[in-house]
Amino acid sequence: MSEPNAETPSPAADHRDFIRDIVAADIASGRIGVPVTRFPPEPNGYLHIGHAKSICLNFGIAAEFGGHCNLRFDDTNPVKEEQEYIDSIQADVRWLGFDWGENLFHASDYFEQLYAWAVHLIREGKAFVDDLSADEIRETRGTLTEPGTDSPHRGRGVEENLDLFARMRAGEFPNGARVLRARIDMASPNINLRDPVLYRIVHASHPRTGDAWCIYPTYDYAHGQSDAIEGVTHSICTLEFDVHRPLYDWLIANLPVPHVPRQYEFARLALTYTVLSKRFLLRLVNDGRVRGWDDPRMPTISGLRRRGFPAEGIRNFATAVGVAKADSTHEVALLEHHVREVLNRTSHRRFGVIDPVKVVITNFPDDLVETMEVVNNPEDPSAGERPVAFGRELWIERDDFMEAPAPKFFRLAPGREVRLRNAYFITCDEVVKDADGRVTELRCTYDPATRGGDSPDGRRPKATLHWVSAAHAIPAEIRLYDYLFTRPDPGADGRDLLEDLNPASEAIVHGYVEPALAEARPGETVQFERLGYFCADPDSRPGALVFNRALTLKDTWAKVQARG
RNA sequence: UGGCGCGUGGCUCAACGGUAGAGCACCUGACUCUGGAUCAGGGGGUUCUAGGUUCGAAUCCUAGCGCGCCAGCCA
């Protein structure tokens, strides 16, 4: 049965994009031999589907062009970062099917070098220690249309700067007392060049360096230099960093780095009915609105995994999505398409009834149990067959019966004959209801000549239903998932995201599954015939099965109903 | 408003000066022991607008319009 695994992604399809074009041109021109890329997550939350796009891009390019991709934690802000996130990120990248080999790095590995280079900048007169407060720096930075003004400490001498910077490191000053700033141009039309902060004082212990440091480099200062140290050739990031590129280049140009990396920007992934904001996802987790970072409704890698989405489907989606510079929002339907494509191909079929109603076959011998051999996966003959018990009393789907059938409803109805998949044709003779008028039992008769599902006289029922023998059925908790949000564009028009949360995103029902599912292991995904794909949840145990609905099958009847 | 980026069918992306294509979505039909899967076909684009260059422009130039990003000691 299909399970999460980490097979190697197939290399270079025929997909091209502007970044791959650049890499190919750089190789052709001899600027580089092979590309070195990096995936640089900040360990301040769990990875989500947007990161998957970046992971597939960076590791994909490296693999396709014979280079390699580093996993580098951008751990420069200890107040937000945690070991739990470091661990989950590695697990998720691996699960997605990528391998960084020996190339696991941390920006914190370079703190000492970064510090030395900062000293270099000071000696060159290109950085200075500023005593201004955060507020004062903001006030003097100018605005989009007005230049900033120089800090009164901008002219501080080299020796004084060196002394102050050393004392910052030594812990002589409280948080926020001083910062190290690059001396560039307070009148630059690019605000990122108005003497940007390079180091700030943060008395906090770091997941890796502990209390060794109380000053930490900013992203702008740490990132490009880390790229240079690692020999990264193509530093690929999202669009919002493009205005930082001049600063990235300035630092590389003004420091004695061993290598010159270049930054390229692409549009981050956005999806309908989805929010990919770590901050908001954190809030959902902290407020207990979901079962955790790996809740099956979460767009996190771990959530998608728990939901039953295979890594291959996510990778194929990432490839299909492409890489470009225009802001864009993909329809979730594209993700679902790729997930269904692999699940259809790989998952075993099983019978599960989610909203059961009893069927009694009145002309079937009381004590007889027959065993049907049922194909595990019609898409994959090597998946074999399994025995399924059939008896006088069955559970079928309540939805598969209508006392007064609607015009295009082909399933069971009084007097109508349908096929029970891989079993017999049955005809409904009588409907039993309780005091409230709710159907409690359907009394049917079967045609013994149709065993296996075919009629010798060529009769062909218009519908085939799934079923489970009541005597053998195993009860199961089934969690039906829907979009986390009710709208394709959550939070649009200034609405609070919480307003758009879908109150029905999780519905728990209790049904019956066939015995073959008794020992389903968490992470195992199967198709419940005619219903959809279901994944055994980590909460599932023998005797207390729990399945998550990953996705329904495409359902044209539902579409017909929706049209009225 | 200053700087930067982007604008091609419902969505996303391709076409890199030579008659605008693909995937998803949507619709129709075939087939079927999953109303699934599969197969075949279909609708849908004044390539943001206006000028210009050229024999020829989605591609080059100019202007305008629209959208996004930047004024954290976040990344």
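Note on naming: letters A, B, ... go to the chains in the order of the sequence lines (proteins, then strands), and numbering restarts at 1 for each one.
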On a plain distance test, is the side chain of A:E146 in donor-acceptor contact with the base of B:G2 below 3.5 Å? no

Considering every strand and a 4.0 Å limit on heavy-atom distances, what is the contact class for A:H244: base, sugar-phosphate, or nothing? base

Stacking check A:W557 vs B:G35 (5.5 Å / 30 deg): yes

Using OP1 and OP2 only, check whether a side-chain N or O of A:R460 sits under 4.0 Å from B:U32. yes

The complete set of salt bridge (Lys or Arg N to Asp or Glu O under 4.0 Å) pairs with one or both residues in residues 166-178 of chain A, sequence neighbours excluded, reads A:E112-A:R169, A:D131-A:R178, A:D163-A:R167, A:R167-A:E172

If the condition is ring-ring contact (aromatic ring centres under 6.0 Å, His included), which residues does A:Y273 pass it with, not counting sequence neighbours? A:Y483

Which part of the nucleic acid, if any, lies within contact of A:L334, taking any heavy atom under 4.0 Å across all strands shown: a base, the sugar-phosphate backbone alone, or nothing? sugar-phosphate

For atom C1', what is the distance between B:A63 and B:A25, given to the nearest Å? 37 Å

Under 4.0 Å from OP1 or OP2 of B:U34: is there any side-chain N or O of A:R349 that close? no

Listed in order of residue number, which residues of residues 174-192 of chain A have a non-hydrogen atom at under 4.0 Å from RNA chain B? A:G176, A:V179, A:P189, A:I191, A:N192

Listed partners of A:Y248 passing ring-ring contact (aromatic ring centres under 6.0 Å, His included), at least two apart: none

A:H330 meets the ring-ring contact (aromatic ring centres under 6.0 Å, His included) criterion, sequence neighbours left out, with none

Quick one: are the ring centres of A:F18 and A:Y264 less than 6.0 Å apart? no

Report the glycosidic orientation of B:G5: syn if within 90° of 0, anti in every other case. anti

Tell me, which pairs form a ring pair (Phe, Tyr, Trp, His ring centres under 6.0 Å) where one or both residues lie in residues 183-202 of chain A, sequence neighbours left out? A:F165-A:Y199, A:Y199-A:Y221

Please, which pairs that meet salt bridge (Lys or Arg N to Asp or Glu O under 4.0 Å) have at least one residue in residues 184-202 of chain A, sequence neighbours excluded? A:R154-A:D195

Output all residues satisfying side-chain hydrogen bond (donor to acceptor under 3.5 Å, both in side chains) with A:E385, sequence neighbours left out; order by chain, then residue number. none

Return the nucleotide paired to B:A50: Watson-Crick means purine N1 to pyrimidine N3 with N6-O4 or O6-N4, wobble means G-U with N1-O2 and O6-N3, both under 3.5 Å. B:U62

Phosphate contact (B:U12 OP1 or OP2) by A:T329 side-chain N/O below 4.0 Å: no

Would you say a side-chain N or O of A:R245 is under 4.0 Å from OP1 or OP2 of B:C69? no

Under 4.0 Å between any heavy atoms, over every strand shown, what does A:D454 touch: base, sugar-phosphate, or nothing? Just pick one. base

Does A:F173 have any ring-ring contact (aromatic ring centres under 6.0 Å, His included) partners at least two apart in sequence or in another chain, and if so, which? none

Under a 3.5 Å cutoff, is there a donor and acceptor pairing between the side chains of A:S455 and A:R460? no

Just to be sure I understand the rule, does A:Q527 reach a base, reach only the sugar-phosphate, or reach nothing, if contact means heavy atoms closer than 4.0 Å? base

For A:F409 and A:W557, I'd like to know if the aromatic rings sit close, meaning centre-to-centre distance below 6.0 Å. yes

B:C16 - base-pair partner by Watson-Crick or wobble geometry, distances under 3.5 Å: none

Under 4.0 Å, counting only non-hydrogen atoms across every strand here, what does A:F351 touch: a base, just sugar-phosphate, or nothing? nothing

Has A:R200 got a side-chain N or O lying under 4.0 Å from the OP1 or OP2 atom of B:A75? yes

Sub-4.0 Å heavy-atom contacts from residues 127-140 of chain A onto RNA chain B, ordered by number: A:L132, A:S133, A:A134, A:I137, A:R138

Tell me whether A:R386 forms a cation-pi arrangement with A:F351, defined as NZ or CZ under 6.0 Å from the six-membered ring centre and within 45 degrees of its axis. yes

Strictly under 6.0 Å, is that where the ring centroids of A:H206 and A:F111 end up? yes

May I ask which nucleotide in the shown strands pairs with B:C39, Watson-Crick or G-U wobble, both distances under 3.5 Å? B:G29

Heavy-atom contacts, protein to nucleotides 41-49 of chain B, under 4.0 Å, summarised as B (base), S (sugar-phosphate only) or - (none) per nt, yield ---------

When you measure only distances, ignoring hydrogens and angles, does the side chain of A:E379 come within 3.5 Å of the base of B:G36 through a donor and an acceptor? yes

Report which part of the nucleic acid A:P40 touches: base, sugar-phosphate, or nothing (heavy-atom distance under 4.0 Å, all strands). nothing

Respond yes when some side-chain nitrogen or oxygen of A:K554 is under 4.0 Å from OP1 or OP2 of B:U34, and no when none is. no

Name the nucleic acid region contacted by A:R141, choosing base, sugar-phosphate or nothing; use a 4.0 angstrom heavy-atom cut-off, strictly under. sugar-phosphate

Please list each protein N or O that sits under 3.5 Å from an N or O in nucleotides 13-17 of chain B, with the distance.
from	atom 1	to	atom 2	distance (Å)
B:C13	OP1	A:S328	OG	3.3

For A:E240, is there an ion pair with A:R268 - N to carboxylate O distance below 4.0 angstrom? yes

